[in-house]
Number of protein chains: 2
Amino acid sequence: MDLRRLRYFVAVAEARSIGKAAERLRMAQPPLSVQIRKLEAEIGAPLFRRGTRGMDLTEAGQALLARASEALALAVDGAEAARAVASGRRGRLSVGYMFVLANAVLPRLIPELRRSVPGVDLEFAELSATTREARVLDRGVTVALCMPAINHPEIQVARIGAQPFMLVMPTSSPLARLGPVPMARLHGRPLIALPHPDHGPASSAVVPLLRRHQVVMPIASRVETVHSAMSLVLAGEGLAILPACAQLGAPRGIVFRPLRDVTDSLDIAVCWRRDSQSPLIKTFLKCAEKAVARL
Amino acid sequence: MDLRRLRYFVAVAEARSIGKAAERLRMAQPPLSVQIRKLEAEIGAPLFRRGTRGMDLTEAGQALLARASEALALAVDGAEAARAVASGRRGRLSVGYMFVLANAVLPRLIPELRRSVPGVDLEFAELSATTREARVLDRGVTVALCMPAINHPEIQVARIGAQPFMLVMPTSSPLARLGPVPMARLHGRPLIALPHPDHGPASSAVVPLLRRHQVVMPIASRVETVHSAMSLVLAGEGLAILPACAQLGAPRGIVFRPLRDVTDSLDIAVCWRRDSQSPLIKTFLKCAEKAVARL
DNA sequence: CCAACCCATACGTTTTCGGTATGCCAATGG
DNA sequence: CCATTGGCATACCGAAAACGTATGGGTTGG
């Protein structure tokens, strides 16, 4: 069962004549006649009534015609769909994001994406610090919006922005009355720590910052998300040092203050499998840069 | 875009390996590899990710796979459908019937047909004496249930029964009190005549009968259907001589009586185009014979 | 470091397809 | 009534495509 034969068959059925169909197919009449007879032999039944004034479909031919033209359309549509996906006009883009960035970035990013790639099915998935690397590697997500970037040889990273660290405390804290808080004022206070993804669960993203200023903060709790961190801060468990953008998701009763003479920041990055050939990645990158531009 | 390539593609996609797919397709691995690459060249995009442990569909490949397997299924289904129609397991059978036979034959015929050819779309169309020949020739109906048979070189006829002529009159007629009516009693009475289809509108189907018995009946009216004839008989316009089966459709106030010493009858016949290759005709013939058997 | 596995490439053989030439049949027209 | 025309079928040849065998290259696992 050859698709070419079906194409020929449909052409003959529509032209009601082998000669006319051959002309439209830009081929000679005899080989077309041969192909039609071969198709009939393959089916095992005549598909046309040969009249003296052309060809006419038998009922068996009509039954075949309906399916054949549909199959034909599906085949070309399949090819076109594959091309569309390969070119990025259609397809699926699964976006992973870390919760810190959700409030700050997604409201700008999602509409921008929908405008840029209207034919693409978008899917969003929250990533945790512990699973984000695996989700990128196993293609659970096409791209990941991370802070900080993933560090892995198979994963490509594009830095699209950064967020300075800020001090996070309850509104009632005496430090909240200050403007930029001197690092020295933090010495000895309990810290709600987020581990740095690259350095294991016992680490903290702000260890280098504290060490540089010779400030020691005992770690009161270790949490996975900025949200948890802010909850514990609100509960009076301690202070946190979080990227500025977390402020957008902060509950009532929490304030953010800059740290005086501190320029440390966490990178915002787009990460994807180095061997991913999805053409949507560069489009996504543009959208993400735009969304992060004036944070 | 070749259906073979699509078949190969689907096989490789399902086996997730060229080697395995080649085995299932009973061919060597290299040509299959070549065909897949040719398909990718035709599409213009890679359809598989080549890993060291086999092949894996890209998103473009997934988009193609859905359509390709559907197209494949449609192609084989089309072939199967054509075979089914050619063999008579499926298809359409358009049955033409003349009104005289409707009441007597259809109630038996239709259930019998539906049982015999359950996959076939049945269609019934009433035929008039003037158009029945044309409807068979132009394939408006596949078969025609006629009385009498159609007489035409292109039309094949199978006689499946006959109906004797009977005298039709109002219940109030004095002749209705007799048993078999002697032909001589009809002499001079007005006749409601049905034209014989073969002999033009000015003929009558009972001319030979009357002539043989040397009976003359002036023609009061010419009508097209037995129904009209009976209406006029009821209205007192004259007598009619109709095939016995018309009795089943007779209105109240009409009686049928046999004619003494008369064995003339009208054939019931199935008629179809001699060049029609519908396998349903012989099945229909069996059903029609059964339906007519004990009229 | 070698063996196993899997895909890609190369080349010769075979199948199949398309083109040209021609025959056959029926309908049409003088 | 014969010639012409229009349409499909058959025969043969050259070209293209596909298949099989042999072989190379890269990665995984022992």
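Sequence lines set the chain letters: A, B, ... in the order given, protein chains first and strands last, and positions in each chain run from 1.
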Checking D:dA9, C:dG18, C:dA8 against the side chain of A:R4 (C-beta onward), the nearest is C:dG18
* Asked: Would you say a side-chain N or O of B:K20 is under 4.0 Å from OP1 or OP2 of C:dC6?
  -> yes
Here the distance between atom C1' of C:dC7 and atom CG of B:L47, to the nearest Å, is 16 Å
*asked:* So B:F48, base contact, sugar-phosphate only, or nothing? Heavy-atom distance under 4.0 Å.
replied: nothing
Counting only heavy atoms not in B:Q29, do more than 12 fall under 6.0 Å of its CD? yes
Review point. Is it true that atom CZ of B:R49 has more than 12 heavy atoms of other residues, nucleotides or ligands lying nearer than 6.0 Å?
Key: yes
Across the strands shown, which category fits A:G51 at heavy-atom distances under 4.0 angstrom: base, sugar-phosphate, nothing?
nothing
Sorted by number, residues from residues 29-43 of chain B placing a heavy atom under 4.0 Å from DNA chain D are B:P30, B:P31, B:Q35, B:K38
Assert: residue with more 5' nearest nucleotide on DNA chain C, out of B:I18 and A:A28, is B:I18
Per atom distances to the B:R53 side chain, the nearest of D:dT28, C:dT28, D:dA9 is D:dT28
Atom CG of B:D2 and atom P of D:dA16 are separated, to the nearest Å, by 17 Å
Whichever of B:M27 and A:R16 has the more 5' nearest nucleotide on DNA chain D, that residue is A:R16
In whole angstroms, the gap separating C1' of D:dG7 from CZ of A:R49 amounts to 17 Å
To the nearest angstrom, the CD-P distance between A:E154 and D:dT27 comes to 12 Å
Go through it in stages, so that I can follow the logic: the residues are B:E40 and B:R50, the test is salt bridge (charged side-chain N to carboxylate O under 4.0 Å, His left out), and I'd like the CA-CA distance, side-chain angles, deciding distance and then a yes or no. CA-CA 13 Å; B:E40 288 178 318; B:R50 270 83 170 166; 2.8 Å; yes
- Kindly indicate, with the supporting measurements, whether the criterion salt bridge (charged side-chain N to carboxylate O under 4.0 Å, His left out) is fulfilled by B:E112 and B:K286. CA-CA 10 Å; B:E112 185 65 29; B:K286 280 203 199 92; over 6 Å; no
Rounded to whole Å, CG of B:D56 lies from P of C:dC7 at a distance of 12 Å
Donor + acceptor pair across side chains of A:S128, A:T130 (<3.5 Å): yes
**Prompt:** Between A:T52 and D:dC8, does any side-chain N or O lie under 4.0 Å from OP1 or OP2?
**Reply:** no
When rounded to whole Å, the CG to P distance for the pair B:L3 and C:dC17 reads 14 Å
inquiry  = Using side-chain heavy atoms (C-beta onward) and a distance below 4.5 Å, is A:V120 in contact with A:R92?
reply    = no
**Report entry** B:R16 with B:D56: basic N within carboxylate O range, under 4.0 Å
**Finding:** yes
Answer with base, sugar-phosphate or nothing: what part of the nucleic acid does B:R5 contact at a heavy-atom distance below 4.0 Å?
-> sugar-phosphate
